[in-house]
Every structure is written in C-alpha cells, then in structure tokens.
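Here the structure is laid out as structure tokens; the discussion comes afterwards.
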Amino acid sequence: IDDKGAAGTDALTTVSLNGNTGAATIASDVLNKLTVANTNQNVTITAAAGTRALDITLNNVTGGVITDAEATSLKVTGTGTASTGGTLTAAKATKIDFAGDKAVSTALGAQAANLVITSANTAGTTITTALNTDVTFTGGAGKDSIIIGATTKAITTGAGDDTVQINAAALGAGGSVTAGDGTDTVVLSAADAYTASGATTFAGVVKGFEVLQFGATAGAGTINLTNL
C-alpha cells in the first residue's frame, strides 16, 4: 500500500488489514491508525522522519513483526480475540501505551532510551522481551507480565495477578519494583535468589509480591525468605 503522494503531501492516515496471508508494506508519512486482524504476517510501515503517534489495534494477531522505524509513540489496543506471539519494533518510540479489553502478548524490538510503557489493558499485557534497565513500566488492572534486569527506574504493576521476572540479584541505582492488589509473582533464578536473600537490600526495593518462584538449583544453597 503506497500513498504515492509527493514529498510532504501524503494523505493516507488509516489502514486496516484483515486475514492477510503475506507480508504487508505501507508507505505513508502520515499514517496514524493501523488495524491488524486474523493474521501472523509481518507489517512494515515506511515513513519520513518526524514526530508521529501510531495507534495500533490488534485482533487475533498470532505472529509476525509490526515495524515502524519512525513512529515516536505507540498506542496498542487489544480487541476481539487475544493477540499473542507477535513483535512490535519501533526504535524511536519513547512511549508505548497498551489498552483494550483483550490480552496482548508481544515481544519488543529495539527499545528507545528512557522508554515509558503504560498498560491500561483490562485483560493484561505480556511483554516477552526483557526491558532495558532505563525503561519505566506502569501496569493497570489487567494481568501483566514483564521481564526486567537491574532496572534503574520505578516499575509498578498495578492491580491484577501480575508477574515480574527479575534477571538480576540486585536492582540498579534508583530502581524499584512495586506490585499492587492481586496475587503477584516475582520470578528469580535460584542463584539470584541465593544472592538477593543474603541482605535486606532487595526486600527494600522489591515490594508487594505474594509468590516467589525460582528455577531449579544447580547446587546447595540457602534462601532467606525474610529478605525477599
């Protein structure tokens, strides 16, 4: 799909794809609404550089990569049937908002510096890619699931039965993780749980979780639950 307008005169703002069985490419400098439904194919938006928000609506998207190299913010709405297995790639987007009433599970491509992610999706948002340490995440009432490392930002999961996998034994300077209402799970490797529980620092910045989950142990060790 190509707007074909002369430079600076593109008019194509909205595109809807339903059931496409091959990759789609959309060329428009002003595209701001994209609906993708019932597909697992790649969708690529090509546009000139510039400030541009892109609203993406997903319905039963089960794979593929949605790429917009120039969008500076995204809103991703889950509707109809849950979407899982796809990837969002928008390296210049400094803000990604998730919304809707059907769950969205997605990987992320390259993440912009100091990216801010917010989820108001009432069914829940799952991000299967580890967030960079400078990414801020704020969850809502849905069942959210994220992966982080030694974050330096405030991570809050909101209400709902949320899961945070922490791939580190300690957070970075200024980092914190706070769970809200619901039965929330923090996931650690056994090795990181051994290390984190050796002092009270971890418990001071990771709060509000009801369930601790950790992987198989590689050897003997002690986890002091008081410090987690």
Side-chain angles (χ1 to χ4, degrees), residues 1-129 131-132 135-140 142 144 146:
I1 302 171
D2 194 336
D3 188 286
K4 294 290 188 182
T9 66
D10 284 358
L12 182 65
T13 60
T14 303
V15 170
S16 181
L17 302 171
N18 189 351
N20 57 300
T21 57
T25 300
I26 304 161
S28 174
D29 295 341
V30 295
L31 186 75
N32 56 35
K33 291 185 179 180
L34 172 67
T35 298
V36 184
N38 303 309
T39 187
N40 60 2
Q41 298 297 306
N42 294 343
V43 180
T44 302
I45 296 96
T46 61
T51 301
R52 179 172 52 86
L54 178 64
D55 287 0
I56 303 172
T57 298
L58 302 178
N59 177 4
N60 192 33
V61 175
T62 56
V65 181
I66 298 175
T67 302
D68 190 329
E70 300 300 337
T72 52
S73 67
L74 299 180
K75 180 179 180 181
V76 182
T77 301
T79 190
T81 299
S83 293
T84 183
T87 300
L88 298 172
T89 299
K92 291 186 178 180
T94 57
K95 181 175 75 166
I96 302 176
D97 295 331
F98 289 90
D101 60 1
K102 293 296 183 289
V104 172
S105 176
T106 184
L108 296 181
Q111 300 165 40
N114 296 306
L115 171 63
V116 175
I117 300 175
T118 301
S119 176
N121 185 306
T122 56
T125 297
T126 297
I127 300 174
T128 59
T129 303
L131 303 182
N132 290 351
V135 173
T136 301
F137 178 88
T138 302
D144 300 319
I146 59 172

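Heavy atoms only, all atoms of each residue included: A103 and A123 are closest at N-CB, 3.4 Å.
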Could you list the donor-acceptor pairs under 3.5 angstrom formed between side-chain atoms of residues 77-101 and any protein atom two or more places apart in sequence or on another chain?
residue: S83; atom: OG; partner: N60; partner atom: N; Å: 3.2
residue: S83; atom: OG; partner: V61; partner atom: N; Å: 3.0
residue: K92; atom: NZ; partner: E70; partner atom: OE1; Å: 2.7

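For the atom pair CG (N32) and OG (S73), the distance works out to 10.0 Å, reported to the nearest 0.5 Å. To the nearest 0.5 Å, atoms CG (D10) and CG (D29) are separated by 4.5 Å. The structure places CG of L34 at 9.5 Å from OG1 of T14, a figure rounded to the nearest 0.5 Å. From T136, atom OG1 reaches atom CG of N114 across 7.5 Å, with rounding to the nearest 0.5 Å.
For the pair T129 (side chain) and L108 (backbone), a donor-acceptor distance under 3.5 Å is present. With hydrogens and angles disregarded, no donor-acceptor distance shorter than 3.5 Å links the side chain of N42 to the backbone of G64.
For the side-chain hydrogen bond (donor to acceptor under 3.5 Å, both in side chains) test, residues two or more places apart in sequence or in another chain that qualify with T125 are S119. Residues passing the side-chain hydrogen bond (donor to acceptor under 3.5 Å, both in side chains) test with N18 are N38, sequence neighbours excluded. Taking the side-chain hydrogen bond (donor to acceptor under 3.5 Å, both in side chains) definition, one finds that N121 meets it with nothing, sequence neighbours left out. Under the rule for a side-chain contact (heavy atoms from CB on, under 4.5 Å), the partners of N20 that lie at least two apart in sequence or sit in another chain are L17, A24, T39, Q41.
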Open item on the list: Test side-chain contact (heavy atoms from CB on, under 4.5 Å) on I45 and S28; report intermediate values, then the result.
Closed with: CA-CA 7 Å; I45 296 96; S28 174; over 6 Å; no

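Within the 4.5 Å cutoff, the side chain of T126 has no heavy atoms near those of the D144 side chain. I66 places a side-chain heavy atom less than 4.5 Å from the side chain of V36. Side-chain atoms of I26 and T46, non-hydrogen and from C-beta on, never get closer than 4.5 Å to each other. Side chains of L54 and L31 form a contact here, defined as non-hydrogen atoms less than 4.5 Å apart. I117 is listed as a side-chain neighbour of V135, based on a closest heavy-atom distance under 4.5 Å.
Note on residues 107-125: no pairs pass salt bridge (Lys or Arg N to Asp or Glu O under 4.0 Å), not counting sequence neighbours. Legend: salt bridge (Lys or Arg N to Asp or Glu O under 4.0 Å) pairs involving residues 105-114, not counting sequence neighbours: none detected. Residue pairs satisfying the salt bridge (Lys or Arg N to Asp or Glu O under 4.0 Å) criterion with at least one member in residues 32-56, sequence neighbours excluded, are listed as follows: R52-D68.
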